[in-house]
Amino acid sequence: MKDLNWRDILIRTALVLATVGIVVWSMPHDNRSYFHVEQGKPWQYADFTAPYDFPVYKSERMIQEERDSAMRGYEPYYKLNTTVEKKMIARFSSDYADGIAGLPISFNNIIINRLHDLYQQGIIEQKAYNELADDSTRMIRIVNDKRAASVRVTTLYSPKTAYERLFSDELLQQERPVLLKCNLNNYITPNLTYDRERSETSKADLLGGVALASGLVQKGQKIVDRGEIVTEKTYRIIESFKHENELRNENTTQNQLSLFGYILYVTILMICFTLYLSLYRKDYFEKTRTITMVYALIVIFALLTALFIRNTFIHVYILPYAMVPIFIRVFMDSRTAFMSHVTMVLVCAIMLQHPFEFIVIETVAGLTAITSLRELSERSQLFKTAIVVTVACMTVNLAFDWIRSDALTQMDFNNYNFLAVNGVALLFAYPLLYLIEKTFGFTSDITLIELSNTNNTLLQRMSEVAPGTFNHSIQVANLAGEIANKIGAEAQLVRTGALYHDIGKLTNPIYFTENQSGINPHETLSDIESAQIIISHVTEGLKMADKHNLPKEIRDFIATHHGQGKAKYFYVHYHNEHPDEPVDDLLFTYPGPNPFTREQACLMMADTVEAASRSLPDYTEQSIRNLVERLIDAQVAEGYFRECPITFRDIQYAKTVLIEKLKTIYHTRISYPTEKK
């Protein structure tokens with residue numbers, strides 16, 4: 001803690017404040033009673049007595065039925081616009097002042113009379129007509145000045161039906177071919193408009209007459225005892241209490257003291273958790289994606305818990321809380337997984353009415369998940385973990401049931417159903433792992449194992465185009481993996497990185513000795529040109545890794561497996577050929593950087609030694625030992641490992657592993673004595 005600067009303190013403080021703010025905001029700290037009650041089931045909570053007088057509200061179904069019954073007498077209001085008729089008839093008279101071609105002038109009066117009849121009946125908009133005409137008994141009220149008259153909808157017209165009615169007249173029907181050219185529909189338009197204000201007032205009066213309550217519960221009245229079957233009447237009373245409680249909370253000022261209590265509780269938990277990370281896992285704060293995932297998981301499950309509690313038909317035991325330690329265990333470590341899980345469970349427990357049982361069951365679930373999933377390398381492991389976690393939770397719940405119940409018949413088996421659903425939901429951790437990998441930029445062991453499959457596109461191409469490089473990569477992967485196992489590094493990561501560290505050689509495979517068969521194209525090139533081609537396999541490898549979307553951890557192996565070393569063969573050869581000329585070291589230097597993780601250091605040592613071992617004239621134990629000691633000591637002396645947390649002890653272990661493995665690979669034998677004659 002002493003080496004924390006102000007920036008670190010501000011980041012940690014911001015994380016705590018943001019988490020506390022979101023969690024407390026989501027909590028149901030409004031003193032509502034979130035009972036999970038089912039009709040026909042036993043009452044699971046303590047004896048319930050009415051704390052105050054409250055009405056017994058009708059069910060939504062009953063209220064809706066009464067409202068539907070009241071709405072059958074509802075008549076919407078429409079205003080009659082008398083100017084519409086005058087305007088349309090005046091327009092027709094103006095357009096055909098000289099009469100309609102082919103018809104006597106007296107025909108104009110016939111059409112005007114028919115239009116007048118239509119407007120007197122009333123014309124409403126087509127959409128409103130379609131909605132109202134479904135019910136032949138439907139009535140509306142037509143307002144003309146201060147008078148309102150009820151009219152059956154079937155006596156009204158829409159513009160379409162009015163036009164059809166116009167041509168149903170016998171006189172007009174006879175001249176239909178001529179009249180169709182007159183576009184008489186242009187003179188038919190609605191003269192009844194919906195009166196929203198009067199209609200809404202009328203509707204409110206009707207609905208307001210429906211009573212919401214059907215009785216009264218007095219303060220101190222016993223409602224239900226623990227274990228008593230919830231009848232329809234009891235269920236209605238409990239639901240009424242919950243509704244009344246919500247109304248009271250909406251109409252009163254929130255209990256400030258309760259709010260401050262929640263804030264203080266969550267703040268203490270988050271500070272303790274942050275102090276743990278700062279003391280024992282401070283390196284996680286250097287990785288934004290890592291620390292973001294941990295706090296995000298706590299916040300997400302707190303939000304889901306608050307949501308489930310508010311929706312009382314969903315039990316919180318359905319939530320797979322054990323996903324949190326699974327995710328953190330896979331991408332981080334077991335201790336942090338457990339601390340994160342306990343912190344999250346304690347935060348969520350404060351929202352529940354019976355937190356003790358929840359804390360015990362979910363803590364056991366987290367411990368079981370962490371223990372059974374020490375290393376995730378197969379899909380079946382998650383399936384086994386889900387089963388073990390479910391059995392463990394059910395066993396703990398059974399213990400609580402036996403403690404509370406006098407007989408097996410009094411046990412509530414609903415929780416076991418919820419825990420079974422929880423186990424099924426836990427199986428979704430596998431696809432969610434992929435989502436978290438992509439969201440936060442992690443690389444799981446499953447992904448590494450999939451990348452290690454030599455049948456995938458890139459490795460298959462390497463085996464065909466550059467078989468020597470492919471065999472070299474496999475040997476390096478085995479050597480580096482053994483070193484990682486010996487020093488406690490991530491062996492699977494090293495093996496996968498080793499398989500891809502030389503993929504840049506696919507661009508010009510013939511320029512690398514392991515792929516040559518008698519012909520060396522470097523003989524026609526200068527030392528500088530040859531060095532540039534050799535060095536380019538790092539940059540080409542990074543381009544290829546980007547193209548194939550390889551994880552960042554794998555790209556780092558490609559960039560660091562030569563560090564900032566030199567293409568020594570061509571560098572020394574050029575120096576010997578031009579002893580009096582200054583040498584530009586950059587032309588012979590790899591872009592780097594040097595290794596900055598123990599795994600990258602393992603790969604560098606294994607790569608260098610494996611490549612050099614192919615040039616040994618004879619494979620004796622002494623020659624192999626000398627080669628390994630010389631090469632790795634040179635790497636240490638040149639400072640390749642200064643930026644990674646590898647120790648001299650780790651390096652010594654690496655030497656031992658390399659010597660033993662190379663002896664096995666090249667089958668070194670003892671020298672047999674010569675028989676004297």
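For the single chain, residues carry numbers from 1 onward in sequence order.
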- What is the ring orientation for F588 with Y571, classed by angle as parallel under 30°, tilted 30 to 60°, or perpendicular over 60°? perpendicular

- Task: Could you label the plane-to-plane angle of the H562 and Y590 rings as parallel, tilted or perpendicular, counting under 30° as parallel and over 60° as perpendicular?
- Result: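 The rings of H562 and Y590 lie parallel, inter-plane angle below 30°.
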
Which value, rounded to the nearest 0.5 Å, describes the distance between [X] atom [atom1] and [Y] atom [atom2]?
X	Y	atom1	atom2	result
L319	F308	CG	CZ	4.0 Å
R495	N478	CZ	CG	7.5 Å
E621	L662	CD	CG	11.5 Å
L448	N453	CG	CG	13.0 Å
C602	L658	SG	CG	9.0 Å
I503	F557	CD1	CZ	13.0 Å

- Message: The test is side chain to side chain donor-acceptor pair (under 3.5 Å); show your working for R12 and S278 and say whether it passes.
- Response: CA-CA 9 Å; R12 287 157 174 74; S278 300; 2.9 Å; yes

[atom1]/[X]: more than 12 non-hydrogen atoms of other groups inside 6.0 Å:
X	atom1	result
R642	CZ	no
R625	CZ	no
L435	CG	yes
E482	CD	yes
Y569	OH	no

- Heavy-atom pair with the smallest gap, counting every atom of G563 and P595: CA-CD, 4.4 Å

- Message: Ignoring hydrogens, what is the shortest heavy-atom contact between A654 and I483? Give both atom names and the distance.
- Response: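 Closest approach of A654 to I483, heavy atoms only: CB-CG2, 3.6 Å.
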
- Task: Would you check, one step at a time, whether the test side chain to side chain donor-acceptor pair (under 3.5 Å) holds for T469 with N515?
- Result: CA-CA 7 Å; T469 300; N515 300 312; 2.8 Å; yes

- Message: Tell me whether the NZ or CZ atom of R289 lies within the 45° cone about the ring axis of F442 and under 6.0 Å from its centre.
- Response: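 Judged by the rule (NZ or CZ under 6.0 Å from the ring centre, within 45° of its axis), R289 counts as positioned above F442.
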
- Query: When you look at D527 and H575, which way does the side chain to side chain donor-acceptor pair (under 3.5 Å) test go after all the steps?
  - Reply: CA-CA 10 Å; D527 291 330; H575 195 276; over 6 Å; no

Please tell me if the side chains of [X] and [Y] come closer than 4.5 Å, counting only heavy atoms from C-beta onward.
X	Y	value
D556	T597	no
V657	L479	no
L297	M293	yes
T539	P591	yes

- Message: Treating R598 as the side-chain partner and D650 as the backbone partner, does any N or O pair qualify as donor plus acceptor under 3.5 Å?
- Response: no

- For Q532 and L587, indicate whether the former's side chain and the latter's backbone hold a donor-acceptor pair under 3.5 Å.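 Side chain of Q532 to backbone of L587: a pair is present.
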
- Task: Check the pair H522 / F570 against ring-ring contact (aromatic ring centres under 6.0 Å, His included), numbers first and verdict last.
- Result: CA-CA 10 Å; H522 288 289; F570 298 105; 5.0 Å; yes

- Message: Looking at E286 and K282, is any side-chain nitrogen of the basic one under 4.0 Å from a carboxylate oxygen of the acidic one?
- Response: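 Salt bridge flag = no for E286 with K282.
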
- Query: Salt bridge between R461 and E464, side-chain N to carboxylate O under 4.0 Å?
  - Reply: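 No salt bridge links R461 with E464.
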
